[in-house]
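One structure is given below, encoded as structure tokens.
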Amino acid sequence: MTVGLFIPCYVDQFYPGAAIATLQLLEKLGVNVVYPPNQTCCGQPMANSGFEHLTGGCNRLFIDNFSGFDYIVSPSGSCVLHIREHLHDDKRPAEAKEVSHKVWELTSFLTDVLKVESLPSRFPHKVGVHQSCHGQRGLHLSSMTELVAPSFSKPGSLLNMVKGLELIELDRKDECCGFGGTFCVAEEAVSAKMGKDRVADHLKHGAEYITGADMSCLMHMEGILKRQGSKVKVLHIAEILNSEG
């Protein structure tokens, strides 16, 4: 199995530790990983702002970079969802469709493809999980509390394999953090208030760390925590699953 590692631009620029942890974790699990060096933005910011018609170059570059892999794995639910639902190329429609069907978010890949049942990791801390909206509602990484259906969480199941880690229970475990990509720019006040509410739930239950599958949401909450002078830290789930304590 050969996997193409898709690293979102904001992770590459601001949180390279999440990318490195993803690579190391996959390699520990016996996966052959290749990082295409010419990759760049997947086009999601433009599409979410109403300019999907300008993402042709991003689409073509993504197909060029990631054609030929068995799977494409990324530590970002929102970027994966964008590629799955919006990747297209009028000149290469079949190739675009094939590539879009091979893209997987990291925790889903670990649970659904690799079917990981144990991890050699250790992280002796109290951790709160933020279920990002794109991952939860678009990729079905976890159940939604408003549905009368069995409860599940792919990130949660993986974190329960980490030695010493204590998962905290939240009052509103699938509440939006307010980031929403360009929403946090267009609706700054609403976004900030939502983020404060999300952070408060974790603090109330004693979290030492807040984790999740989308670094963008964690970045939003990290800014709020720092402005509040909190000692609580954020870490991408890959960094915890890859940790040796």
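Just so you know, these numbers come straight off a predicted model, no measurement behind them.
A pairwise comparison of heavy atoms in P75 and P8 identifies CD-CD, 4.3 Å as the closest pair. Here the closest non-hydrogen pair linking P155 and T107 is CG-OG1, 4.0 Å. Considering every non-hydrogen atom in both A238 and L106, the closest pair reads CB-CD2, 3.6 Å. Counting all heavy atoms, side chain and backbone alike, S216 lies closest to Y10 at N-CE1, 3.4 Å. Taking all atoms of both residues into account, the shortest heavy-atom contact from V11 to A18 is CG1-CB, 4.1 Å. The nearest pair of heavy atoms linking A207 to V232 is O-CG2, 3.2 Å.
In this structure, the separation between OG1 on T145 and CZ on R172 is 7.5 Å, given to the nearest 0.5 Å. The distance from the OG atom of S157 to the CD atom of E117 is 11.0 Å, given to the nearest 0.5 Å. Atom CZ of F109 is separated from atom CG of L29 by 9.0 Å, given to the nearest 0.5 angstrom. The distance from the CG atom of D12 to the OG1 atom of T40 is 8.5 Å, given to the nearest 0.5 Å. The CG atom of N160 sits 5.0 Å away from atom CG of L167, with the distance rounded to the nearest 0.5 Å. Rounding to the nearest 0.5 angstrom, the gap separating the CG atom in L235 from the OG1 atom in T211 is 6.5 Å.
Put simply, the side chain of K226 never gets that close to the backbone of G223: no donor and acceptor are under 3.5 Å apart. No donor-acceptor pair closer than 3.5 Å links the side chain of E222 to the backbone N or O of V234. The closest donor-acceptor contact from the side chain of S191 to the backbone of G178 lies under 3.5 Å. Distance alone, capped at 3.5 Å, places no donor-acceptor pair between the S243 side chain and the E239 backbone. Side chain of D214 to main chain of S78: a donor-acceptor pair is present (N/O by atom type, distance under 3.5 Å, no hydrogens or angles).
Contact check for E52 versus M46: no side-chain heavy atoms found under the 4.5 Å cut-off. In this structure the side chain of D174 never reaches within 4.5 angstrom of the side chain of S142, judged on heavy atoms. Contact of the F6 side chain with the N65 side chain is not registered, since no non-hydrogen atoms from C-beta on lie closer than 4.5 Å. For the pair L61/Q39, no side-chain contact is recorded, criterion being any heavy-atom separation below 4.5 Å from C-beta on. H88 has its side chain out of reach of P93: every pair of non-hydrogen atoms, C-beta onward, lies at least 4.5 Å apart. Taking the side chain as every heavy atom from C-beta outward, V34 and L5 never approach each other to under 4.5 Å. For the pair E95/S67, a side-chain contact is recorded, criterion being any heavy-atom separation below 4.5 Å from C-beta on. Side-chain atoms of Q44 and H134, non-hydrogen and from C-beta on, do get closer than 4.5 Å to each other.
Using a 4.0 Å cut-off between charged side-chain N and carboxylate O, R198 and D201 make a salt bridge. Residues D197 and K193 are paired through a salt bridge, judged by an N-O separation under 4.0 Å between the basic side chain and the carboxylate. Note on K97 versus D89: no salt bridge recorded, every NZ/NE/NH1/NH2 to OD/OE distance being 4.0 Å or above. Note on D70 versus K102: no salt bridge recorded, every NZ/NE/NH1/NH2 to OD/OE distance being 4.0 Å or above.
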- CA sep, side-chain torsions, deciding dist, call: Q131, V129, side chain to side chain contact (heavy atoms under 4.5 Å, CB included): CA-CA 6 Å; Q131 309 278 18; V129 178; 4.2 Å; yes

- Decide yes or no on side chain to side chain contact (heavy atoms under 4.5 Å, CB included) for L158 and M161, but give the supporting numbers first. CA-CA 5 Å; L158 291 166; M161 300 177 193; 4.2 Å; yes

- Item | Step-by-step side chain to side chain contact (heavy atoms under 4.5 Å, CB included) determination, H125 to E166 | CA-CA 6 Å; H125 299 282; E166 180 184 347; over 6 Å; no

- So K233 and E208, side chain to side chain contact (heavy atoms under 4.5 Å, CB included) or not? Walk me through it. CA-CA 7 Å; K233 299 178 181 179; E208 297 174 76; over 6 Å; no

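Under the ring-ring contact (aromatic ring centres under 6.0 Å, His included) criterion, Y15 pairs with no residue, sequence neighbours left out. Under the ring-ring contact (aromatic ring centres under 6.0 Å, His included) criterion, F69 pairs with no residue at all, not counting sequence neighbours. When the ring-ring contact (aromatic ring centres under 6.0 Å, His included) test is applied to H86, the partners found at least two apart in sequence or on another chain are H82. Taking the side chain to side chain donor-acceptor pair (under 3.5 Å) definition, one finds that T22 meets it with nothing, sequence neighbours left out. Listed by chain and number, the residues in a side chain to side chain donor-acceptor pair (under 3.5 Å) with S230 amount to none (sequence neighbours excluded). When the side chain to side chain contact (heavy atoms under 4.5 Å, CB included) test is applied to K28, the partners found at least two apart in sequence or on another chain are N242, E244.
Placement of F183 and V199 in two distinct hydrophobic clusters is found when ILVMFWY residues are connected by side-chain heavy-atom separations under 4.5 Å, directly or transitively. Clustering ILVMFWY residues whenever any of their side-chain heavy atoms sit less than 4.5 angstrom apart, transitively, puts V80 in a cluster other than the one holding L114. Cluster membership check: M215 shares its hydrophobic cluster with L159, using side-chain heavy-atom separations under 4.5 Å among Ile, Leu, Val, Met, Phe, Trp and Tyr. Residues L110 and L141 do not share a hydrophobic cluster, defined by chaining ILVMFWY side chains whose heavy atoms lie under 4.5 Å apart. Hydrophobic cluster membership is shared by I210 and L203, with clusters built from Ile, Leu, Val, Met, Phe, Trp and Tyr side chains linked at under 4.5 angstrom.
Atom CD of E169 has 12 or fewer neighbouring heavy atoms from other residues, nucleotides or ligands inside a 6.0 Å radius. Open room surrounds CZ on F14; 12 or fewer heavy atoms of other groups in view lie less than 6.0 Å from it. The number of heavy-atom neighbours closer than 6.0 Å to CD of E188, taken from other residues, nucleotides and ligands shown, is 12 or below.
Looking only at atom types and distance, the side chain of E105 has no donor-acceptor partner in the side chain of S74 under 3.5 Å away. At a cut-off of 3.5 Å, with distance as the only test, a side-chain donor of D171 or H205 sits close to an acceptor on the other residue. In the model, Y71 has no side-chain atom that pairs as donor or acceptor with a side-chain atom of T2 under 3.5 Å.
Ring planes of F179 and H220: tilted class, angle from 30 to 60°.
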